[in-house]
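In what follows, a structure is listed as C-alpha cells, so that the remarks can point back to it.
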Amino acid sequence: MNVLIWFKRDLRAEDHPALGMAASKGPVLPVYIVDPDDWAQVDRSGRHWCFTAECLAELREALALLGLPLIVRSGDSVTVLDRLVRAHGITEMVSHTDSGSPWSRQRDSRVADWARSCGLRWTQLPDSSLCPADQPPDLRDLRAVPGVEPGAIPTARALRLAEDACPHRQPGGRVAGLAALDSFLTLRGAAYRTAMAAPPSAERACSRLSAHLSHGTLSLSAVVQATAARQAERPGGPWTGSLRAFQTRLALRETAMQAPTLPAPQMRADRLPEDHAARLSAWERGETGLPYLDACLRYLRATGWLPFRARAMVMASAAQHLALDPLATGTLLARRFTDYEPALHWPQVHQLSHPDTMATPRLYDPVKQGLAQDPTGAFTRRWVPELAAVPDALLQEPWKWSGAARLLGQRYPEPLVDVGASTRAARAALCLLRRQTGQPPRLSPRLTPRPAQDRPLPRPRQGSTAQLSLDL
C-alpha cells in the first residue's frame with residue numbers, strides 16, 4: 001500500500017518517527033502543502049516564509065539522498081490531499097501533530113473530517129518529547145511512490161507576502177541548526193548562564209536553536225540528548241551551571257508547549273489612549289523616545305530575534321507603560337520573530353499584558369532594564385545612533401541632558417510617556433487588582449528564576465514561563 005507522509009512543522013528527514021512509520025508500511029509519498037490561507041494570516045510574514053523555504057530546499061535534498069522526492073503543492077490542504085490520495089492510490093497518511101496556531105488546528109480538524117469521510121487512516125505522532133527518543137527508524141528499504149512531479153517551492157512574492165527586510169536573519173535548514181547546536185555545546189554555551197539575558201552578550205551565548213525547533217529542522221529530543229551527552233563529558237568550569245540552566249529552559253519550553261492555549265488578549269477600545277494609532281506606529285518603528293526599548297525593537301526588526309528578558313520587556317512595556325492593545329503588539333511581534341511559535345507566544349503575551357495572572361507579577365521599567373542589561377551603552381548606541389552626542393550617564397534618559405532641546409523632537413523623538421509615572425500607575429493598578437481578587441499585593445524584584453545547578457532537572461512550576469522563553 002502507498003503511504004502519504006505529510007510534513008508540516010517537522011522539516012527534517014532524520015530523527016523523524018512519522019517518516020519511519022511510513023517507511024515500514026510501503027512506498028512513501030512525502031508532501032508539503034503551501035496553503036495560501038495560512039500565509040494570509042496576520043501573524044505570518046515574509047521572514048517566516050524565507051526561513052521555511054530554506055528549510056524545504058534542504059529537506060528536498062535530504063529526502064533525495066534517501067530516494068524520495070519532496071512533493072510541494074500550493075492550495076487548500078484538504079483539496080490538495082484529496083487529489084494526491086485519489087491520483088496515487090494512497091491507503092494511509094502519517095504525520096506529526098502540529099500544536100501551532102488556531103488556524104492550523106482548524107485545518108487539521110477539517111483534514112480529520114475529510115479522512116474519515118473517505119475512509120483514509122490518518123496516524124498523527126507526537127513530534128518531540130523530553131523522554132529519551134527511540135532508536136532511529138530503519139530507512140534502508142525506503143521506497144518512493146513513482147511518477148509524481150515534485151513541484152516548485154514558491155517565492156514570498158508568489159504568496160503575496162509583503163517585502164520584509166531582515167538583513168541579519170538566521171538561515172534556515174537542518175545544516176545550520178546542527179552547526180548552531182554543535183557550536184553552542186562546544187564553545188559558545190560556556191557563558192550561557194550569565195550572559196543569556198542581555199542582547200549584547202546573548203547573541204553569542206544563547207543557543208539560537210529556537211527557530212530550528214519551531215520549524216522542526218531539529219527535534220527537542222535530539223537537543224536534549226546532545227546536551228546530556230555533553231554533560232556526561234563533565235566539561236567543568238562554567239559549563240556545569242550553563243548546561244544545567246539550558247536544560248531547565250528546554251524543560252520550560254516543553255511544559256509551555258503542552259499547556260492549554262490561551263485566547264489572544266484583547267483590550268476594550270474605550271480603554272485605549274486617544275493617540276493609540278500613533279503610539280503603536282512609533283513602537284513598531286522603534287521611535288518611542290525610550291532608548292533601550294527602541295534599540296531592542298530595531299534589533300528585532302533587523303535580526304528576527306531577541307533574548308528572553310528583552311522579549312518580556314518589549315511586550316510588557318507596550319502594555320504596562322504605553323497602554324497599547326496587546327493583540328496589536330503581539331501580532332507585530334509574531335511577525336518579527338523568526339522563531340515564532342504560536343503555542344508559546346500568545347499565552348506569554350497574555351501573561352505579560354495581564355501581570356495579575358502571573359504567579360509572581362513583574363513590571364518592567366525600560367530605563368532600568370537598559371541600565372542593567374546594557375551598562376556600557378554600546379548596544380543602545382549601535383541601534384539608536386541618533387543618541388551619539390548624549391553622555392553615557394544619561395544615555396537611557398536623554399531628556400535629562402542639557403542638550404536635550406537640540407535633540408528631542410528633532411533627531412530623536414520625545415518619550416511617549418513619563419516612565420516613572422507610568423510605572424507608579426501600573427504598580428498601583430496591579431496592587432489594587434490583586435487586593436480586589438484576594439491576592440497579596442506583592443511584586444517580585446527578580447525577573448528570572450535562579451538557574452538550577454546541582455539538583456536534578458526540575459519540572460517547571462505552573463506560571464513560570466512568562467518570559468517569552470522560547471528563545472533558548
Side-chain angles (χ1 to χ4, degrees), residues 165 198-200 265 267 271-307 309-337 349 352-353 355 362-374 377-390 392 394-401 403-427 429 447 468:
M267 185 179 289
R271 295 183 179 177
L272 298 176
E274 292 183 359
D275 61 344
H276 181 268
R279 286 192 186 192
L280 180 63
S281 178
W283 182 85
E284 181 181 11
R285 298 192 308 272
E287 296 179 357
T288 67
L290 303 171
Y292 183 63
L293 175 59
D294 289 342
C296 288
L297 288 164
R298 297 180 191 187
Y299 176 84
L300 172 60
R301 182 171 58 202
T303 67
W305 182 83
L306 274 174
R309 191 171 293 175
R311 294 181 186 227
M313 184 274 298
V314 164
M315 186 63 236
S317 294
Q320 297 169 6
H321 295 285
L322 303 181
L324 296 177
D325 180 3
L327 177 59
T329 51
T331 299
L332 287 171
L333 287 178
R335 294 172 60 83
R336 291 270 169 90
F337 287 133
V349 166
L352 289 162
S353 302
R362 299 178 179 95
L363 297 178
Y364 290 79
D365 182 329
V367 173
K368 291 182 179 179
Q369 287 289 302
L371 293 171
Q373 303 303 327
D374 187 25
F379 174 80
T380 301
R381 291 189 185 282
R382 177 185 176 187
W383 294 99
V384 192
E386 306 97 302
L387 302 177
V390 180
D392 289 348
L394 298 176
L395 179 62
Q396 301 300 340
E397 300 174 287
W399 50 88
K400 294 182 178 180
W401 178 41
R406 302 189 302 273
L407 172 71
L408 302 183
Q410 300 179 54
R411 285 171 291 164
Y412 187 65
E414 296 271 2
L416 292 177
V417 295
D418 180 325
V419 173
S422 61
T423 298
R424 290 189 294 272
R427 185 180 297 273
L447 296 179
L468 287 155

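Computation of the quantities below employed the complete heavy-atom set of this structure, encompassing side-chain atoms and omitting hydrogens, waters and symmetry-equivalent molecules.
The two atoms that bring Val417 and Arg279 nearest to each other are CG1-NH1, 3.8 Å, heavy atoms only. Between Ala323 and Leu272 the shortest heavy-atom distance is O-CD2, 4.0 Å. Pairing each heavy atom of Trp399 with each of Pro415, the nearest pair is CE3-CG, 3.8 Å. Nearest heavy-atom pair, Cys296 versus Pro199, reported as atom, atom and distance to 0.1 Å: SG-CG, 4.4 Å. Shortest non-hydrogen contact noted between Leu416 and Ala282 is CD1-CB, 4.0 Å. Pairing each heavy atom of Ser353 with each of Met315, the nearest pair is OG-CE, 3.4 Å.
The distance from atom CG of Asp365 to atom OG1 of Thr423, rounded to the nearest 0.5 Å, is 4.0 Å. The distance from the OG1 atom of Thr380 to the CG atom of Leu387 is 8.0 Å, given to the nearest 0.5 Å. A distance of 11.0 Å separates CE in Met313 from CZ in Arg309, rounded to the nearest 0.5 Å. Ser281 contributes atom OG, which lies 11.5 Å from atom CG of Asp275 (distance to the nearest 0.5 angstrom). From Leu408, atom CG reaches atom CH2 of Trp401 across 8.5 Å, with rounding to the nearest 0.5 Å. Here the CG-CD distance, from Leu300 to Glu284, works out to 10.5 Å after rounding to the nearest 0.5 Å.
The side-chain contact (heavy atoms from CB on, under 4.5 Å) test applied to Pro413 returns Glu287, not counting sequence neighbours. For Arg301, there are no side chain to side chain donor-acceptor pair (under 3.5 Å) partners, not counting sequence neighbours. Take Arg381 and apply the side chain to side chain donor-acceptor pair (under 3.5 Å) test, not counting sequence neighbours, and it matches Asp392. The side chain to side chain donor-acceptor pair (under 3.5 Å) test applied to Lys368 returns no partner, not counting sequence neighbours. Arg335 meets the salt bridge (charged side-chain N to carboxylate O under 4.0 Å, His left out) test with no other residue; sequence neighbours excluded. With sequence neighbours excluded, no residue forms a salt bridge (charged side-chain N to carboxylate O under 4.0 Å, His left out) with Arg382.
A donor-acceptor contact shorter than 3.5 Å is absent between the side chain of Arg411 and the backbone of Glu386. A donor-acceptor pair is defined here as one N or O able to donate and one able to accept, closer than 3.5 Å; such a pair exists between the side chain of Gln320 and the backbone of Tyr364. For the pair Gln369 (side chain) and Tyr292 (backbone), a donor-acceptor distance under 3.5 Å is absent.
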>> One pair to check against side-chain contact (heavy atoms from CB on, under 4.5 Å): Asp294 and Trp383. What are the steps and the verdict?
In response: CA-CA 8 Å; Asp294 289 342; Trp383 294 99; over 6 Å; no
> Checking side-chain contact (heavy atoms from CB on, under 4.5 Å) for the pair Leu352/Arg311: CA distance, chi angles, key distance, verdict?
Replying inline: CA-CA 10 Å; Leu352 289 162; Arg311 294 181 186 227; over 6 Å; no
> Given the rule in the side-chain contact (heavy atoms from CB on, under 4.5 Å) test, do Trp283 and Leu332 qualify, once you have shown the distances and angles that lead to the verdict?
Replying inline: CA-CA 10 Å; Trp283 182 85; Leu332 287 171; 4.0 Å; yes
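Atom CD of Gln410 has more than 12 heavy atoms from other residues, nucleotides or ligands within 6.0 Å.
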